[in-house]
Amino acid sequence: MTESPWEYAPAPESRDVANLKPSYRMFVGGEFTDGGGEPLKSVDPATGEVLAEVSSADESDVDTAVRAARSAFDSTWSAMPGAERAKYLFRIARLIQERGRELAVLETLDNGKPIKESRDADIPTAAAHFFHHAGWADKLGHAGYGPDPRPLGVAGQVIPWNFPLLMLAWKIAPALACGNTVVLKPAETTPLSALVFAEICQQAGLPPGVVNILPGAGDVGAALVDHPGVDKVAFTGSTEVGKQIQRTVAGTGKKLTLELGGKAANIVFDDAPLDQAVEGIVNGIFFNQGHVCCAGSRLLVQESIAEELLERLRARVRTLRVGDPLDKNTDVGAINSAEQLAKITELADSGDAEGAQRWTSPCPLPERGFFFAPTVFSGVQQSMRIAREEIFGPVLSVLTFRTPAEAIAKANNTPYGLSAGIWSEKGSRILWAAQQLRAGVVWANTFNRFDPTAPFGGYQESGFGREGGRAGLEAYLDV
C-alpha cells in the first residue's frame with residue numbers, strides 16, 4: 001500500500017484586511033488630490049485582476065510637489081529641533097506596527113510576494129528603519145560628520161516594485177531624520193502601500209509638505225530627477241535607468257545615491273555545512289521570487305562537493321510551495337508583472353539555447369496569474385547570459401571551481417558588485433575571501449540578512465552610496 005503525499009491545508013489570509021479602496025489619489029502638501037496624468041490600474045499579479053485605479057502625476061504635479069516640499073523645508077522642518085523631528089518618526093514607526101497586518105496584506109496583493117514575507121520581514125523591517133532613524137534625529141552632531149551637519153533640502157526619491165514599503169522606509173526615514181523634506185515616486189506597478197503610508201503621515205500629524213507621494217510611470221520619475229528644485233536624488237532600480245539618472249544630474253550639484261542591479265555570487269567551499277548552505281542558497285535566490293537586487297543568483301560550488309550539494313538542493317527546492325501569495329503556506333508567490341515574467345522566461349530560454357542543463361521544480365503552478373517555477377541551471381559557463389545578466393526571478397545559475405583563488409576570480413568577474421555570500425567552517429577562509437570580494441555586502445554562512453543599523457550599497461554598476469546605519473546618514477547631510 002502506497003501512502004498518498006501529505007499536503008498542507010490552505011491557510012489563506014483575508015484580503016479584506018487590506019481595506020482596499022476602488023481608487024487612490026496622490027499626496028501633495030498634506031492632502032490627497034487628483035493628478036494630471038493618465039490614471040494607473042494596479043493589478044494583482046496572482047490573478048491578473050485590477051485591484052484599484054490610481055491617479056498619476058504629470059510634470060505640473062511634480063512642480064507643485066517640489067514647491068510644497070521646499071515650503072515645508074524652509075518654514076518648518078529644517079529648523080525643527082532634532083528631538084521634535086524624532087517624535088514624528090517614532091509615531092510613524094508605531095503606526096506602521098499598528099497597521100502592520102493591513103499593510104502586509106496590501107503589499108502581498110499589490111506585489112505578489114508571499115504573505116509570510118510581507119508579514120514577517122518587509123513590514124517589521126520598515127518600522128525598524130523609522131525607529132532607528134528617529135534615534136539619530138537629535139544626535140546628528142555625533143555621527144562623525146562635523147558638530148553641526150545641515151540637511152540638504154528637498155530629496156527626490158524613486159523606488160522599485162520589489163520591496164515597495166521597505167524601500168520607501170529606506171529612503172524617507174533617513175531623509176526626515178536629517179531634516180530634509182521628500183517627494184517620492186513609487187513604482188508604477190506597486191503604488192498602494194506608499195499611498196497608505198501617506199495616510200500614516202496624516203495620522204502622525206506630519207506637517208504638510210514634508211512628505212509628498214507621486215504615483216506615475218518613468219516619465220514622472222524623470223521629471224522629478226530633473227527638477228531644479230530638488231537638491232538630492234536617491235534611486236533604487238535598474239542599472240540602465242541609474243546611468244540615465246547619473247547623466248541627468250551631472251554638473252547640477254545635486255547629491256546622488258544609486259542602488260542598482262546585482263548578480264551576486266554565493267560561494268560554497270568544500271568544508272561548508274551543506275544543509276545550512278542549502279537553506280541559505282534557497283533563501284538567497286527564491287526569497288521574494290528572486291525579485292531582489294542582492295539575490296544570490298550565481299552559485300559557485302567547489303567541484304568536489306558539487307554533485308552532493310546539487311542533489312540536496314534539488315530535494316529542498318522540490319518542497320517549496322508555489323501558489324496563492326495570501327496563503328500562509330506559500331513559499332514562492334507571483335511574479336510582479338507580465339513584463340517581468342516575459343523577461344525571466346526569455347533569459348531562462350537563453351540558458352537552454354547556450355547549453356546549460358535546466359532543472360525545474362515539479363511543483364504545480366496556478367492556472368491564472370504570473371508564476372514561474374523555481375529553476376536551477378547547472379553546467380553554466382561564465383560567458384552565458386544567465387551567468388552575466390540580472391534575471392530578477394527565481395532562476396539559479398550554478399558554476400563550479402577547484403581552488404579558492406578561482407572562486408574569487410569567478411565571483412568578481414561581473415560588472416556588478418552589490419553582495420556576495422561565503423559558506424565555510426573556517427573563519428580564516430571567510431575573512432580572506434571577504435577581503436577579496438568586490439561587493440558592498442558580504443554575508444558569511446547566511447544570506448539576505450538586513451538590519452537598519454548596517455549600511456547597504458554596492459560598487460561598479462551596482463551603484464554608489466550607502467543606505468542604513470551611520471554611514472547612510474551622509475547621503476542626506478550637507479557635509
Side-chain angles (χ1 to χ4, degrees), residues 26-33 57 59-93 129-130 133-134 136-141 143 145-159 168-186 194 197-198 200-214 220-221 223-235 245 249 252-257 465 467 472-479:
M26 67 182 199
F27 184 68
V28 176
E31 301 290 338
F32 288 96
T33 180
E59 195 165 335
S60 66
D61 295 320
V62 172
D63 186 63
T64 301
V66 172
R67 290 179 186 276
R70 176 64 61 191
S71 176
F73 177 81
D74 291 338
S75 65
T76 309
W77 197 248
S78 64
M80 186 181 292
E84 292 301 308
R85 289 200 304 270
K87 292 177 184 178
Y88 289 102
L89 271 72
F90 277 124
R91 285 179 204 157
I92 289 169
H129 272 269
F130 278 96
H133 288 96
W136 270 116
D138 64 347
K139 304 175 187 66
L140 297 173
Y145 302 113
D148 188 27
R150 307 304 301 163
L152 294 165
V154 176
Q157 304 176 328
V158 181
I159 59 173
L168 175 150
W170 278 29
K171 298 284 188 292
I172 291 182
L176 298 193
C178 293
N180 304 277
T181 54
V182 166
V183 181
L184 179 135
K185 190 199 86 71
F197 176 81
I200 288 173
C201 290
Q202 284 186 325
Q203 276 186 276
L206 196 69
V210 173
V211 168
N212 305 272
I213 309 289
L214 298 181
V220 178
L224 178 58
V225 167
D226 195 35
H227 195 287
V230 168
D231 303 293
K232 152 75 183 177
V233 173
F235 172 75
I245 290 173
V249 305
T252 64
K254 295 177 184 179
K255 202 162 185 176
L256 175 65
T257 49
E467 293 181 299
L473 299 171
E474 183 182 4
Y476 291 96
L477 293 170
D478 185 10
V479 294

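Numbers here are sequence positions counted from 1.
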Approximate separation, where rounding is to 0.5 Å, of [X] [atom1] and [Y] [atom2]:
X: Thr257; Y: Glu474; atom1: OG1; atom2: CD; value: 10.5 Å
X: Ile245; Y: Asp226; atom1: CD1; atom2: CG; value: 11.0 Å
X: Arg150; Y: Leu477; atom1: CZ; atom2: CG; value: 9.5 Å

Do [X] and [Y] have side-chain heavy atoms sitting under 4.5 Å apart?
X: Val225; Y: Phe235; answer: no
X: Leu184; Y: Val211; answer: no
X: Lys255; Y: Val479; answer: yes
X: Val28; Y: Asp61; answer: no
X: Pro81; Y: Asp138; answer: no
X: Arg70; Y: Asp231; answer: yes
X: Trp77; Y: Leu206; answer: yes
X: Gln157; Y: Leu168; answer: no

Exercise for review: Give the intermediate values and the outcome of side chain to side chain contact (heavy atoms under 4.5 Å, CB included) for residues Lys87 and Phe90.
Suggested key: CA-CA 5 Å; Lys87 292 177 184 178; Phe90 277 124; 5.7 Å; no

Which pair of heavy atoms, one from [X] and one from [Y], lies closest together, and at what distance?
X: Leu473; Y: Tyr145; value: CB-CE1, 4.3 Å
X: Ala65; Y: Leu214; value: CB-CD1, 3.8 Å
X: Leu140; Y: Cys178; value: CD1-CA, 3.7 Å
X: Leu176; Y: Val210; value: CD2-CG1, 3.5 Å
X: Lys254; Y: His227; value: NZ-O, 2.8 Å
X: Leu152; Y: Asn180; value: N-OD1, 2.7 Å

**Study point:** Ser78 side-chain N/O to Phe73 backbone N/O, donor-acceptor pair under 3.5 Å
**Key:**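 Pair found, side chain donor or acceptor close to backbone of Phe73.
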
Review point. Asn212 side chain to Ala68 main-chain N or O, any donor-acceptor pair under 3.5 Å?
Key: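 Answer holds: no.
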
Practice item. Please test Asp478 against Lys232 for salt bridge (Lys or Arg N to Asp or Glu O under 4.0 Å), starting from the C-alpha separation and ending with a verdict. Key: CA-CA 10 Å; Asp478 185 10; Lys232 152 75 183 177; over 6 Å; no

Check your understanding: Taking the six-membered ring of Tyr88 as reference, does the NZ or CZ atom of Arg85 fall below 6.0 Å from its centre and within a 45° cone about the axis?
Key ->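 Not flagged: Arg85 not positioned over aromatic ring of Tyr88.
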
Review point. Taking atom CZ of Arg91 as the centre, does the number of heavy atoms from other residues, nucleotides or ligands within less than 6.0 Å exceed 12?
Key: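 Atom CZ in Arg91 is packed in, count exceeds 12.
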
